[in-house]
Each structure stands twice: as C-alpha cells, then as structure tokens.
2 protein chains.
Amino acid sequence: MRTNIDSISKPALRRMPHYLNYLYEKKNDGVTHISSTVIAEELDLNPVKVRKDLARTGVIGKPKTGFDVDELILNITELLGYNNSHEAVLVGVGQLGRALLSYKGFASYGLNIVVAFDTDESICNRKINGKKVFHLSKIKELVSRLKIRIGVITVPAKNAQDICDLLIESGVLAIWNFAPVHLKVPDNILVQNENMAASLAILSQHLKEKR
Amino acid sequence: MRTNIDSISKPALRRMPHYLNYLYEKKNDGVTHISSTVIAEELDLNPVKVRKDLARTGVIGKPKTGFDVDELILNITELLGYNNSHEAVLVGVGQLGRALLSYKGFASYGLNIVVAFDTDESICNRKINGKKVFHLSKIKELVSRLKIRIGVITVPAKNAQDICDLLIESGVLAIWNFAPVHLKVPDNILVQNENMAASLAILSQHLKEKR
DNA sequence: ATGATATCGATAACATATTATCGATATCAT
DNA sequence: ATGATATCGATAATATGTTATCGATATCAT
C-alpha cells in the first residue's frame with residue numbers, strides 16, 4: 001500500500017478548483033469564516049467529504065466557527081500550483097485551438113500558453129491573443145529551448161499521436177489532449193484527456209432515463 | 001440496493017466513447033473480430049474491465065474469436081444514444097461558444113446545437129456555422145416551442161446561474177456547463193460540468209510530483 | 001475425432017472513495 | 001462561570017469500482 005503523504009486522490013483533486021471558486025465568491029461577499037456544513041450544502045456534497053478534502057489542504061478549522069476563508073484560498077491555490085505558473089504550448093490552431101489561445105482565464109489557473117504551432121502556413125507567423133503561431137517544424141527547437149513541460153493537443157484525431165510523440169521528444173511531461181483518441185505514451189508522461197464525448201454520453205444517458 | 005438493469009456506472013459510461021473510437025479505427029483497418037485482451041492492451045485498460053464494459057452492451061463474444069466489431073459499434077452507438085440525435089441550444093457566443101458552434105464533430109455524438117443566444121446585439125441575427133444567434137430575450141419562446149432538452153452554457157461565471165434558471169424554466173432537462181461555477185438545480189435536472197480547471201489541477205499535480 | 005489453447009463470463013478478492021458515527025472542543029447565551 | 005450547541009476530526013461502516021481467479025466453450029491443428 002502506498003500511503004504517500006503527498007498523495008491526494010484524483011476525485012479530491014478535481015474538487016479543489018470548485019472549492020476555490022466558491023471560496024472566492026464568499027470572500028467577495030465579505031465572508032471570513034465558513035463551515036464544512038455550509039460548503040457541503042451549497043456545493044451539493046457530503047459534509048464529511050468536504051472536511052476530509054479541506055483537511056488535506058493543511059488548514060485546520062475551529063469548532064463553531066469553521067474554516068478561515070483566506071487561509072483556505074491560500075492553501076488550495078498553493079496545492080493546485082496556481083502560483084508558480086506552468087508554461088505550455090498548443091498544437092493545432094483550428095477553431096478550438098484558437099478559442100483556447102484566446103481564453104484569458106487560464107492565467108488564474110496557473111497555465112500560460114506561450115506559443116502555438118500549426119502546419120498551415122497561412123496561419124503561421126501571426127499572433128492570437130498575443131501568442132505567436134509557429135510552423136510545426138519549429139516545435140522541437142522551441143519547446144526544448146523554452147523548457148516547456150505542458151503540451152496542449154487540439155489537432156484532428158488522425159494526427160494526434162504523431163504530435164504527441166513529437167511533444168514528448170521535445171521534452172514535454174504532461175499532455176492535455178482534446179483529440180478523441182487514446183494516446184500511447186511512456187509511463188512517466190501524463191495524458192489528461194478532455195473528453196467532450198464522455199460528457200455527452202452522460203447527458204444523453206440522463207435524457208434516456210427521463211423518457 | 002438498486003440493481004437497475006439499465007443502470008451503468010458513470011466511469012463505465014465515460015469509457016464507452018473510447019471503445020467506440022477505437023472500434024471505428026479497427027473497422028477501418030478491416031478488422032472484423034477483436035478480443036477484450038487486445039482492446040485492453042491498446043487502450044491501457046484491464047482486460048477484465050473491458051469484458052465487463054462490453055458485456056454491458058449486450059454483445060456476447062466468442063471464445064478464441066473475440067467480439068464482433070460491427071455488433072459492438074452498433075450496440076455502443078445505441079447505448080450512447082448517438083442515433084437519435086438530441087437537439088440543443090447554446091447560450092453565450094464568446095470565443096468558446098463560437099468554437100463549440102463551429103465544431104462539426106458533435107453531430108456524430110448525437111448532439112445538434114440548433115440555435116444560440118447572446119445579449120450582445122451586435123452578434124445577434126447572424127449565423128455561425130449555419131446556426132442562427134438570437135437575442136437572449138427570445139430564449140424561452142424558442143426553447144419551449146422547439147422542445148429542446150439540452151442547454152449548453154458558455155457565459156461568464158457570474159451570469160451562469162441566471163442562464164441556468166432560464167433554461168430550466170424553458171423546459172431544458174440537461175445542462176452542459178462550461179462556466180466555472182456550481183449550478184444549483186432541481187433534482188430532476190442533470191448538470192454536466194466541463195471542468196477545465198479540474199483537468200489542469202491533475203496536470204499540475206503530475207508536474208509537481210515529477211520535480 | 002481429439003487435444004491444446006485462446007478467450008469468454010461469472011464469482012470472488014481487493015482497493016478506493018464515500019458516508020455515518022461519535023467523542024472532543026471552541027463559541028455563544030444565559 | 002456554566003451549560004447548550006455547532007462544528008471539527010478521527011475512526012468505522014458502507015458502497016463502488018477495479019482486479020484476480022477459474023471453470024466453460026469455441027476454434028484450430030493434428
């Protein structure tokens with residue numbers, strides 16, 4: 001059994017950003033302390049689960065008062081690595097790629113897409129939201145020189161594996177994959193699939209059950 | 001204990017589109033039969049898990065031969081409701097909204113975004129990818145008249161709850177939420193959060209563990 | 001035909017995640 | 001000060017999801 005002190009379950013980790021959003025809202029409303037009960041209520045979670053998650057951040061709550069909002073925000077932000085921002089590159093400047101490049105919100109999540117790549121000459125050497133688009137042939141040189149660790153894949157399914165390989169060759173350690181394919185990678189590389197189809201499956205199932 | 005014959009776990013459901021993609025690839029390569037072992041190998045899953053998932057589709061495999069690819073494709077497609085397409089509306093025609101409107105791929109997932117809404121007059125009454133953008137004030141009338149059941153929310157966080165309420169009032173049963181907030185909804189309504197921040201959390205954690 | 005083998009499908013063991021229970025403690029009202 | 005109460009945090013119970021085991025069966029080679 002691996003009881004790493006630093007290990008945190010993926011489900012728990014995925015909940016953290018939710019807590020953070022919620023806490024920011026509350027802080028904005030002038031709230032300084034909040035109980036796990038209330039959080040659970042408003043986020044439709046089990047209070048015990050919330051307490052467990054929050055305990056994981058190292059913040060300790062006070063009976064009758066709850067947790068210090070600022071302290072929670074600080075620790076969750078730290079835990080999620082939103083402070084020390086990660087630089088990333090994006091490959092595939094289609095509609096979706098463009099949307100992600102234009103999205104200002106990633107900064108607050110500690111992600112900073114610094115450059116993009118595409119094979120289409122007509123898009124290259126432009127800027128989108130201040131980020132320059134290079135031809136794919138430049139990727140290895142740039143990624144390794146800039147020591148980029150995250151690659152975002154927004155190319156068509158059929159090209160995704162090749163791009164993935166290229167990214168890993170260039171030194172990328174984690175891949176955010178928007179292409180609907182399973183990517184083959186070495187053990188030490190993480191692939192996070194952004195899985196629209198899977199979400200749709202759940203929506204569709206819900207509608208089926210309603211009928 | 002609820003042992004509904006029709007119930008399928010969410011994790012399993014989320015895996016289904018993966019199988020489907022993979023099976024299409026294989027079919028394309030001329031493969032007619034495939035074993036759970038091979039699928040598991042290539043998708044980095046446990047073979048038993050694959051068998052369980054496939055069993056859930058109703059297809060029965062043959063020892064030594066494996067499962068019939070066409071049959072699997074058919075049944076999974078059915079299970080996921082990709083045949084009887086669901087019509088949806090999208091609210092919030094910003095960068096992301098536009099990208100989703102332009103994405104042709106949803107059709108094959110049984111999702112059809114038919115119209116979009118926004119409050120910005122300057123975007124209204126145009127078409128994006130053949131889908132007309134209406135002013136938000138028209139939403140209730142249109143959604144209820146067209147009997148739309150799915151709403152896609154791509155508005156800023158602060159407006160999301162209001163839009164959500166509006167959609168539900170108009171008769172929507174399932175919501176695909178891209179705004180980073182927790183939406184409060186009645187029990188019978190499903191919210192599927194597309195959770196970029198959560199995915200980023202996992203990426204970031206991986207990088208932290210590498211260091 | 002017969003035996004070897006790949007594969008299935010069912011059951012059981014295990015791991016993980018969620019929920020329930022309960023004693024301890026800080027705050028608040030009296 | 002004192003007692004009532006909300007809340008925490010630890011431990012236990014449950015549920016869910018994953019993995020292992022194993023007998024049964026269809027195919028293939030001899």
Side-chain angles (χ1 to χ4, degrees), chain A residues 1-16 18-19 22-23 26 31-69 71-72 75-76 182 195 198 201-202 205, chain B residues 1-16 18-19 22-23 26 31-69 71-72 75-76 182 195 198 201-202 205:
Chain A
M1 199 207 304
R2 191 177 62 102
T3 322
N4 186 351
I5 186 70
D6 251 36
S7 84
I8 176 172
S9 78
K10 284 194 181 178
L13 195 54
R14 297 181 66 92
R15 285 193 290 272
M16 290 296 170
H18 284 134
Y19 294 130
Y22 176 77
L23 290 166
K26 283 293 157 184
V31 177
T32 61
H33 292 267
I34 194 161
S35 79
S36 58
T37 324
V38 173
I39 299 179
E41 185 92 4
E42 301 212 28
L43 296 186
D44 292 326
L45 297 170
N46 182 291
V48 180
K49 196 195 291 187
V50 174
R51 272 208 290 288
K52 265 191 149 178
D53 288 344
L54 297 189
R56 191 57 200 66
T57 68
V59 180
I60 60 175
K62 270 192 207 154
K64 190 78 181 174
T65 321
F67 295 82
D68 184 290
V69 172
E71 210 180 335
L72 279 179
N75 284 32
I76 296 178
H182 176 81
N195 209 339
I202 294 182
Q205 186 70 11
Chain B
M1 201 208 302
R2 191 176 63 101
T3 322
N4 186 351
I5 186 73
D6 251 36
S7 85
I8 175 171
S9 79
K10 285 196 180 176
L13 195 54
R14 296 180 68 91
R15 284 191 292 270
M16 289 297 170
H18 284 133
Y19 294 130
Y22 176 75
L23 290 166
K26 283 293 156 184
V31 177
T32 62
H33 292 268
I34 193 162
S35 79
S36 57
T37 324
V38 172
I39 299 180
E41 185 92 4
E42 299 212 28
L43 296 186
D44 292 326
L45 297 170
N46 183 291
V48 180
K49 194 195 293 187
V50 175
R51 274 208 289 288
K52 265 192 147 176
D53 287 344
L54 297 189
R56 192 57 200 65
T57 68
V59 179
I60 59 174
K62 271 191 208 154
K64 190 78 183 176
T65 321
F67 295 82
D68 183 291
V69 172
E71 211 180 335
L72 279 179
N75 284 33
I76 295 178
H182 177 82
N195 208 340
I202 293 182
Q205 186 70 14

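Sequence lines set the chain letters: A, B, ... in the order given, protein chains first and strands last, and positions in each chain run from 1. Computed over heavy atoms, backbone and side chain alike; hydrogens, waters and symmetry mates excluded. Because the structure is a prediction, the values reported are computed rather than measured.
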Just N and O in the side chain of Arg15(A): are any of them under 4.0 Å from OP1 or OP2 of dA17(C)?
no
Side chain of Ile60(A) (C-beta onward), nearest among dA26(C), dG9(D), dA20(C):
dG9(D)
Comparing Val59(A) with Lys52(A), nearest DNA chain D nucleotide closer to 5' gives the residue Val59(A)
Base-pairing mate for dT7(D) - Watson-Crick or G-U, with both contacts under 3.5 Å:
dA24(C)
Counting only side-chain N and O atoms of Arg51(A), is one of them less than 4.0 Å from OP1 or OP2 of dG9(D)?
no
Distance check needed: dT7(C) C1' versus Phe67(B) CZ, whole Å only.
9 Å
Side-chain N or O of Lys64(B) versus OP1/OP2 of dT5(C): is the shortest distance under 4.0 Å?
no
Give the nucleotide from the list dT19(D), dA17(C), dT25(C) with an atom nearest to the side chain of Lys49(B).
dT19(D)
Among dA6(C), dA20(D), dT19(C), the one nearest any side-chain atom of Asn46(B) is dA20(D)
Could you tell me the separation between the CG atom of Asp68(A) and the P atom of dT7(D), rounded to a whole number of Å?
16 Å
Mind calculating the distance between CG (Leu13(B)) and P (dG17(D)) to the nearest angstrom?
11 Å
Check whether any side-chain N or O of Lys62(B) sits under 4.0 Å from OP1 or OP2 of dT27(D), and answer yes or no.
yes
Between Arg56(B) and dG17(D), is there a side-chain N or O to OP1/OP2 distance below 4.0 Å?
no
Hey, does the side chain of Ser36(B) come within less than 4.0 Å of dC8(C)'s phosphate (OP1/OP2), counting only N and O?
yes
